[in-house]
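Sequence positions, counted from 1, serve as the residue numbers for this chain. Everything numeric here is computed off the predicted structure, so don't read it as measured data.
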Amino acid sequence: MPFQTSISYLDISWANHKWDEWRNGQALESLLPAGVARSFEEWIRAEKDETMFPLKASGKRLNLIKTIVYEEDAQTFIVITSFPSGYRITPVSQKDDLLKPTNGDTSYSEPLVSLGRAKFEEPSHFALERKRQFGSNSPAVTSLECKLLLERTDWSKTTLGPREKWSPVIETMLEVILRSSTQDALWLGPDFQMLYNDNYAHIVDHPLMWGRTAKAREAWGPVWEGVSHLIDDCLTLGEPCYREDDLLLYRRGPKGFWVEKYHTWSFIPLFNEDGKPLGLFNPTRETTASVLARRRQESLRDLSEQLLTARNTAEFYNGIVEVLENNPKDVPFMMCYSVEEGVETGQVKLHLESSLGVPENHQAAPSDLTLPLIADRFSRSTFGFKANQLSSPTLSAISALSSGTGRIQYSYDKTSWPIAKAISTRQAVVVEDCTELIKGFPLRQWEALPDSAIIVPISSETSVDIPQSVVIIGLNLATPLDPVYEDWIHVLRAHLTTSLGSIKAAEAEQHRQDEKDKMERAKTIWFQGAAHDLRSPLTLVAGPLDDVLRTKLSTDQRAGLSLAQRNLARVQRLVNSLLDFTRIEAGKLSGRFLPVDLGTFVRDLASIFRPAVERRGIQYTIEIEPHEGMVFVDPTLLETVVTNLISNALKYTESGAISAKLNYNTSYADIAIIDTGIGIPQAELTSVTDRFHRATTSLSRGTEGTGIGLALAKEIIRLHGGDLLITSRTAEETGGSHGSSFVARIPLVERQVIDNQLGAVEFGEYGKAVLDDAMHWALPSDNRSDSAYSEIDQSISSRADAFLFDRNDVLLLVDDNTDMRHYVKNIFSPYCKVIEATNGKDALEKAIKNPPNLILSDLMMPVMNGQQLLMAIRSNPSTRMVPMVLLSAATDDEVRLAAFVEGAEDFMLKPFKPKELLARVHLHMQIGKNRAHMEMLYAQRQQELAVILDYCPSGIVRADADGHIVYGNDTYRAYTGIPHDVDLNDWADYVSEDRRSHLLGAWNEVVHGNERETTRTWKWLNGTAVSGTFIRLDMIDSSLSGVLGCLSDITYQEEQLVEAERRRLEAEESKHQQELLVDLTSHEIRTPVSAILQCSSLVRENLTALQGQLRSIGSEGFQATPELLAEIDEDLEALDNDTCVPPSQEHAASVPLKEDTPVWMFIAIKDTGPGLGPAEQVNLFQRFSQGNKMVHTKYGGSGLGLFICKRISELLGGRIELESQLGVGSARTGQAQKSITDSMSSLTLTTSASTLAPSPSPAPSNSSDLHFLIVEDNIINQTVLKRQIVKAGFTCDVANHGQEALDLLNEVYSGNAQSRRPSYDVVLMDLEMPVMDGLTAVKRIRGKEESGVYSRQLVIALTGNARQGQIDQAMAAGMDEVVIKPYKLPELIAKVKGKIGTNAKVA
């Protein structure tokens, strides 16, 4: 339940069915009395964890255990578990259930602190003072401190009696224990009533046991039976009793089992002044943690010591059981399984290696298992904060909540072990209920079998590999799985993981060594068989060859056969060495020991090699220590040892000295061969005498050898009972001196000589054969290019016609073996020029100086081997194209692969066929020459292309398939403005910002899109405008990739386009201004003309009427009627107009002008009007603007006159200026610049006579069925048209602009019937008006019609602009008809009636 502050607000988030049965559907607050409810509330609010609350309600008693869980989001939960207080543990031997309710106990006593509906009258610690009554608003007691209980308890109701009658000894001891920081208690009276301090309250059922007898079963349970006799002895004898780390089973866990508790305690008797016993002083200290830690630490220590001696996995698993068998409390049972991957993917096989506390063949411990694993077993599982622990109401409520490390998962499967889950997640898994699984297991500790177990994978928690083992351990029944217990299991896991890994590694190493020994034995057996099989064919080859050499031969024939004989002897020596070695290893070779003068033997044998040593320019010394007596050795075998040691020194020494020494000691003689050769690395000294081993220094120098000489020498010396001692140093290790020392130590012992071993022994045969071979070894300075063969084999030269060799072709032959070099040269000499080199360094110098057409090199050579030469050749620009063929006796595929990786054209094994070698070299030489030629042509084309690109006027750019620019010429950089030290891939930073994002998207489309060719134009930040065409090369040829782009500078074209656009806009603007001028001029001319015509028509009508009246006058004479006078006044007013007074004097000037001479004409107009202020002057020349707001009211006008004048002046190339002062007047000056002819032609005004003729007025009509609305800003036109319409018998209203017209129409369609105007049959609307023009007004009208505000309204436009564009614009705006000024009134009225009739038919 979430942590709250009042019981009425307790929110029970989850409860099991047992709790629901207990409360029987009632609310928690209704079950508890008021006092118990307050106690329960305080217990909930207390922040102490794992405390118990004895609850008695509804006739049932429960012990509640509280555990507080603090979540990461600050949310706090309280987990409460319970068990009936009347349950006890029965012995395991009984067959009934372990938990049984008891019927009572003679030592039972009622608690002084009642937490239920108890019937006894003893007051609780909440109401111990009868004088104090807690009201509804009184704060509850918030403490269960023992001192407070001592003061508030009414002791008069107890057997101890009133407190004031207690002995001073008791009061003193109470003061002591209440102030003590340890766990102390007083057991007083004959019933041993317990009074204790707050620390002691943690180990008893507080406050239930406060003041109660210690004999009560709720106090110490079965512990009382074990200490009662000690108490009797203590009180009887008066001597204290002491126990250390004593196991006390006085508290039960949530499942009813005793909890393992350890205390160090004592009983001290208390007596009053009279010596009467008062009780016991019981100081105690809980030592559970230290006892458990010590016990578990001892198990880990013993386990580490045991596993250190384990040599294999069997001893490992047995050692675990042997150690943990001594800790039955923490490990009641255990099973150890080894884990291997199964045959099928996603499965593992388990085998039971050892077990503890498990019956044999039990169903819970099968010997073999095959389990499937989850698919995503390689991903680390993630678990929320204690998410796997809150789902359990039992173990997880107590143990899991107290751990919280997140390193353990839980399983609630009661039928099988979750081994697959532990293996898949690499995390320990707790089985919460394993009682069904372990039925039948023997009981090793406590009163029952464990009810939970843990599966521990033996692997690192961070590992993604399958664990090598899994251990199932039963958990301690009497100890919860708290963090300490959990940490111990993890430490145990770490110990087992480390030990098992070490043992597995040792087993793997032993297995590798066994396999190596097995392979060595197999090689020995094979070589033994091969040696025997080789001896027969070698004998058949050696015999005929020797016979041929005894015949008469040419020089070349004898040289070739002698070469074959020497190499045949080398093979025979190798075969003999192999046979000797295998015989020694098999124990079949026993030495023929004879007494020998060892000094003479060594001197004579060493002297044999003097010619070969001195031939190489090496100092050679032989030092023999004098010695009397003979040494028992096998002369033949010892000759092999000394010969191998001297030949070995000769092979690896190029300069310096070689010494052969013989020294004697009391028990042995030392034959030492010391040289100043290349030496052996210290790391290889122990393995240099292994079979077929060759030092890395010898391999790098290419020195010939089999790797068996030193191994055979060592075995022969051991056959003599001695040893081979080797010391060596290399120049790399010492930084200077180098060399080796081989000492054959021969023991000076007497041996029995068998008679059949006596006989003549041919001395030096083996040494002479090795010497003969050594005489043909290449010298360090042997760079001879001449051949030992002076004649060319005719059979080879006869094949020259079959190849395409050129006599000028150069073949560089590299080999340190002189015989091999001469043999190969003899093959190629008929076809090309052969240059010889003795090592890689020599060959490299010659190749760089004069590159050959092909290099034919041996792989193993001194100074620089063939592979190093290959790398050097390929890294040098002058020789990297030279083909190279390697020769080697090495059959290792890795060596061949490495050669091909480094760039070798071919790799041939020795022995080779001369014809095949000739063919391969010929092929690669021809390919090499063609390739060199193609490379030359390619380089030329590349140079030509580079020149073309550098001088190309267009920008060229090349990108790879990923859009990474790899090339751009100088022109491209000039276009883009990218400096030479800036990466071309930063091109986007140099594109103008308005095109950057667009161009980046276009570039991605070019690189990754499907377009073969794309063209874009853009501008760089430096102002250069370019047009770029980009081509996807893979769209042209699938073998190509990337993008090729070409950029052209279009800055001039852009400027031309901009200039052309500017001119076009100026022309359009000029045309627009001319049209505007025509429109305004037409409007301004037609409007007054229309007024004149309408006025003249009106005057004509009036005069006609006057004429008729005058004719009808009789004899009485003329008498004017009032109506006539009014009409005449109106006519005069309509005809009245402003007059312009010309100047009183005229000035004329005559100036002789040439044709097309520019003429400036100045026109000045001055008036004495009111003048204009600065604000009025600013807007004076704007359209529909007048200087003063009263001008239009008083004089009329459209505000277009001065605007038109200004535009005409500007079109004529002049200007108009204004000078005015408010209250003084204005002067306008016009200035134009045109030729006289142009000015006259542009100011000519033409019109037809019919337009200016007055139109007849319609006949007066008596009908007033039409109601007009005239919208006109010109007062004269407005007045004249109104009079004409009224004269014609119609009615009308007037408006000065579009807004007034809308206001009138709004009144027509308003909802107020009293203020509503009559509807208009037609609206006659001018187009050019201030405030709101006609086009805007008609759009507003049509909009209101669409929205249903207005009915359909007939609107006819009246305009002086006769241009068709203006008429179309008016019709598009919503006009029903357009009438051009000047118009004839009868035609206008007829058109109105026609439109009204048409609309009526449509409706």
Side-chain angles (χ1 to χ4, degrees), residues 615-618 650-656 675-681 694-705 730-733 735-739 776-787 810-825 828 833-890 895 898-899 901-908 910 921 928:
R615 173 177 176 269
R616 299 172 66 89
I618 300 173
L650 184 59
K651 286 180 184 178
Y652 300 109
T653 304
E654 296 182 356
S655 61
D675 64 62
T676 58
I678 56 177
I680 303 170
R694 299 186 65 198
T696 54
T697 50
S698 64
L699 293 175
S700 63
R701 298 172 63 85
T703 308
E704 296 179 355
T730 62
E732 291 78 7
E733 293 172 343
S737 61
H738 49 85
H776 293 82
W777 292 349
L779 299 177
S781 60
D782 188 4
N783 296 330
R784 295 176 299 167
S785 61
D786 57 326
S787 176
V810 178
L811 172 67
L812 179 57
L813 178 60
V814 190
D815 200 311
D816 61 323
N817 188 295
T818 305
D819 292 337
M820 180 62 69
R821 197 167 60 246
H822 291 170
Y823 175 70
V824 175
K825 181 177 181 180
F828 288 96
K833 183 179 180 181
V834 180
I835 300 176
E836 298 181 52
T838 58
N839 55 62
K841 182 179 179 181
D842 180 31
L844 179 62
E845 295 174 353
K846 292 181 178 180
I848 294 175
K849 184 177 180 181
N850 184 19
N853 296 105
L854 186 138
I855 299 174
L856 180 62
S857 174
D858 188 23
L859 186 63
M860 297 298 180
M861 296 181 295
V863 185
M864 178 185 287
N865 60 30
Q867 189 172 4
Q868 294 172 338
L869 174 62
L870 175 61
M871 296 173 62
I873 290 293
R874 291 291 176 257
S875 61
N876 192 288
S878 62
T879 59
R880 64 183 183 87
M881 299 303 299
V882 176
M884 189 167 175
V885 178
L886 292 177
L887 296 173
S888 177
V895 176
V901 169
E902 295 295 339
E905 272 67 25
D906 207 341
F907 190 99
M908 293 190 66
K910 297 177 182 179
V921 169

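- In terms of heavy atoms, Arg880 sits closest to Pro877 at CG-O, 3.7 Å.
- Residues Ile680 and Tyr652 are not in side-chain contact: their nearest non-hydrogen atoms beyond the backbone lie 4.5 Å or more apart.
- Across all their heavy atoms, Gly928 and Pro883 have their closest contact at CA-CG, 4.0 Å.
- Val863 approaches Gln868 most closely through the heavy-atom pair O-OE1, 4.2 Å.
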### Task
Report the C-alpha separation of Val921 and Phe828 in whole Å, then their side-chain angles, then the decisive distance to 0.1 Å, and conclude whether the side-chain contact (heavy atoms from CB on, under 4.5 Å) test is met.
CA-CA 9 Å; Val921 169; Phe828 288 96; 3.5 Å; yes
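- For Arg874, the side chain to side chain donor-acceptor pair (under 3.5 Å) partners at least two apart in sequence or on another chain are Glu905.
- Between Glu845 atom CD and Lys841 atom NZ the span is 6.0 Å, to the nearest 0.5 Å.
- The two residues Gly840 and Leu869 have their closest heavy-atom pair at O-CD1, 3.4 Å.
- Residue Pro851 comes nearest to Ser878 through the heavy atom pair CG-O, 3.9 Å, listed as atom of the first residue, atom of the second, then distance.
- Across Lys846 and Ile835, no two heavy atoms sit closer than the pair CD-CG2, 4.0 Å.
- Although no hydrogens or angles enter the test, the distance criterion places a donor-acceptor pair under 3.5 Å between the side chain of Thr676 and the main chain of Ser655.
- Put simply, CG on Asp842 and CE on Met864 are 10.5 Å apart, with the number rounded to the nearest 0.5 Å.
- Residues satisfying the side chain to side chain contact (heavy atoms under 4.5 Å, CB included) criterion with Thr879, sequence neighbours excluded, are Ala847, Ile848, Ile873, Asn876, Val882.
- When the side chain to side chain donor-acceptor pair (under 3.5 Å) test is applied to Gln867, no partner is found at least two apart in sequence or on another chain.
- Atoms CG and CG, on Leu854 and Leu813 in that order, are 10.5 Å from each other to the nearest 0.5 Å.
- To the nearest 0.5 Å, atoms CE (Met884) and CG (Leu812) are separated by 8.5 Å.
- Partners of Ala904 according to the side chain to side chain contact (heavy atoms under 4.5 Å, CB included) rule, which considers only residues two or more places apart in sequence or in another chain, are Leu870, Leu886, Ala899.
- Note that OG1 of Thr730 is 9.0 Å distant from NE2 of His738, once rounded to the nearest 0.5 Å.
- Annotation: side chain to side chain donor-acceptor pair (under 3.5 Å) contacts of Asn850 (sequence neighbours excluded): none.
- Listed for the Ser875 side chain is a donor-acceptor partner under 3.5 Å among the backbone atoms of Ala872.
- Met871 meets the side chain to side chain contact (heavy atoms under 4.5 Å, CB included) test with Glu902; sequence neighbours excluded.
- Remark: side-chain polar atoms of Asn853 are paired, donor with acceptor, to backbone N or O of Val810 under 3.5 angstrom.
- A search for side chain to side chain donor-acceptor pair (under 3.5 Å) contacts involving Asp906 returns Arg920, His924, not counting sequence neighbours.
- A distance of 11.5 Å separates CG of Asn839 from CG of Asp858, quoted to the nearest 0.5 Å.
- Contact annotation: the side chain of Arg616 never approaches that of Thr653 to less than 4.5 Å [non-hydrogen atoms, C-beta and beyond].
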